[in-house]
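Remember, it's 1-based here, ligands and their atoms both numbered in the order they're listed.
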Amino acid sequence: MLSIVSTPIGNLGDITLRAIETLKSCDAIVCEDTRVTGSLLKALDIEKKELISCHGYTDNKKIDRIVERLEKGEHLVLVSDAGTPGISDPGYKLVSRVSELESIPGPSAFLAALSVSGLPINQFVYIGFPPLKKGRQTLFQSFVKEDRTIVLYESVHRIEKTLNEIADALADQPDRSVVIGRELTKMHEEVVHSTVATLKEAASSITKKGEFVVMIGPNR
Ligand code: SAM
């Protein structure tokens, strides 16, 4: 059995009871960065466990060895550094090879952000991180006609550039809502409400620290 365990995106209090139980009882934890997961275990007062590092660049042989252990009957857990494994994080390569899986759901930054956005969220499109070069402008242009809320991730290094490019792509829709969630669940949590018309101003004034989720309201 491989348990897919979501972990907090900032606030340790968001760990679930099932996540704690599962982390305590499993045989080993497959994680992105052993230091990050080691610190989480320590903060949760969970005794030391075998940590198996598995990230985006892990080769197939290592995945084979993890799958073999599962087939022998071990109970392993998959976590990422924060949030839900596989959501703009490693996980797919391993999860797609395993048949006996269970989900221990919990935090994910895009869900936390959408829930406080005030945008219609019955339907939404999750983009993850926009591409750095190829397909970037095509993606932003596709937002023009999108009639569902759009949610994407961006790093501190590119947040201003990305917001400016979205403002350019949607320039003909100045009233469209754009909401930016920064440092959600953390001490400096911030939700900035803007429109396309004021987005460049918001892009330059928003604090350039931490982690960001960008949401764009539907074209209606
Ligand atoms: N697996 C994670 C999830 O379920 O949300 C996402 C991991 S992805 C590598 C990291 C990105 O998620 C950050 O660059 C940021 O865009 C977003 N993110 C993670 N934590 C966040 C937070 N506390 N506030 C805002 N955005 C966050």
Side-chain angles (χ1 to χ4, degrees), residues 2-16 18-19 22-23 29-37 39-40 43 53-58 77-96 101-119 121 124-132 136 139-140 143 149-166 178-194 199 202-203 205-216:
L2 179 66
S3 302
I4 316 299
V5 173
S6 300
T7 57
I9 57 167
N11 190 322
L12 191 64
D14 293 333
I15 191 81
T16 68
R18 275 185 83 207
T22 310
L23 289 167
I29 302 170
V30 181
C31 59
E32 205 179 340
D33 182 330
T34 54
R35 287 164 304 180
V36 173
T37 301
S39 307
L40 176 72
S53 102
C54 184
H55 43 70
Y57 304 103
T58 297
V77 159
L78 173 68
V79 295
S80 62
D81 283 353
T84 300
I87 301 293
S88 299
D89 261 342
Y92 168 72
K93 250 183 170 179
L94 174 61
V95 174
S96 63
L101 294 156
E102 73 168 353
S103 168
I104 312 288
S108 201
F110 77 92
L111 286 175
L114 286 170
S115 71
V116 292
S117 68
L119 297 171
I121 54 172
F124 58 85
V125 187
Y126 172 74
I127 304 290
F129 289 97
L132 298 186
R136 188 172 164 88
L139 174 72
F140 294 156
F143 293 174
T149 289
I150 301 160
V151 56
L152 58 91
Y153 285 168
E154 196 45 281
S155 76
V156 66
H157 311 293
R158 274 182 295 277
I159 187 68
E160 188 164 3
K161 176 175 154 66
T162 292
L163 293 175
N164 281 326
E165 289 179 14
I166 290 171
V178 182
V179 182
I180 306 152
R182 186 178 80 83
E183 293 289 84
L184 299 171
T185 78
K186 303 185 199 176
M187 193 193 294
H188 299 293
E189 171 166 354
E190 183 181 19
V191 180
V192 175
H193 293 265
S194 171
L199 188 55
S205 61
I206 196 165
T207 307
K208 308 291 181 315
K209 262 191 198 157
E211 303 191 276
F212 299 83
V213 180
V214 178
M215 294 154 287
I216 301 150

Ligand 1 to T84, heavy atom cutoff 4.0 Å, flagged ligand atoms 1 (N), 3 (C), 4 (O)
So between S108, G128, G210, whose heavy atom ends up nearest atom 4 (O) of ligand 1? S108
May I ask which of N11, V191, L184 has a heavy atom nearer to atom 22 (C) of ligand 1 than the others do? L184
Can you list the atoms of ligand 1 that are under 4.0 Å from a heavy atom of E154? 14 (O), 16 (O)
For G10, is the nearest heavy atom under 4.0 Å from an atom of ligand 1? no
Can you classify the ring geometry of Y126 versus Y153 as parallel (below 30°), tilted (30 to 60°) or perpendicular (above 60°)? perpendicular
Geometric N/O contact E211 with ligand 1, under 3.5 angstrom: yes
Element-labelled atoms of ligand 1 that are located less than 4.0 Å from some non-hydrogen atom of S88: 7 (C), 8 (S), 9 (C)
Proximal ligand 1 atoms for G83, defined as those under 4.0 Å from one of its heavy atoms: 3 (C), 4 (O)
Look at the side chain of S80 and the backbone N and O of A82, then say whether any donor-acceptor pair between them is shorter than 3.5 Å. yes
Where does F212 meet ligand 1, judged by heavy-atom distances below 4.0 Å: at the side chain, the backbone, both, or neither? backbone
At under 4.0 Å between heavy atoms, is it the side chain or the backbone of E183 that contacts ligand 1, or both, or neither? backbone
If we set the cut-off at 4.0 Å for heavy atoms, which region of A112 has an atom near ligand 1: side chain, backbone, both, or neither? neither
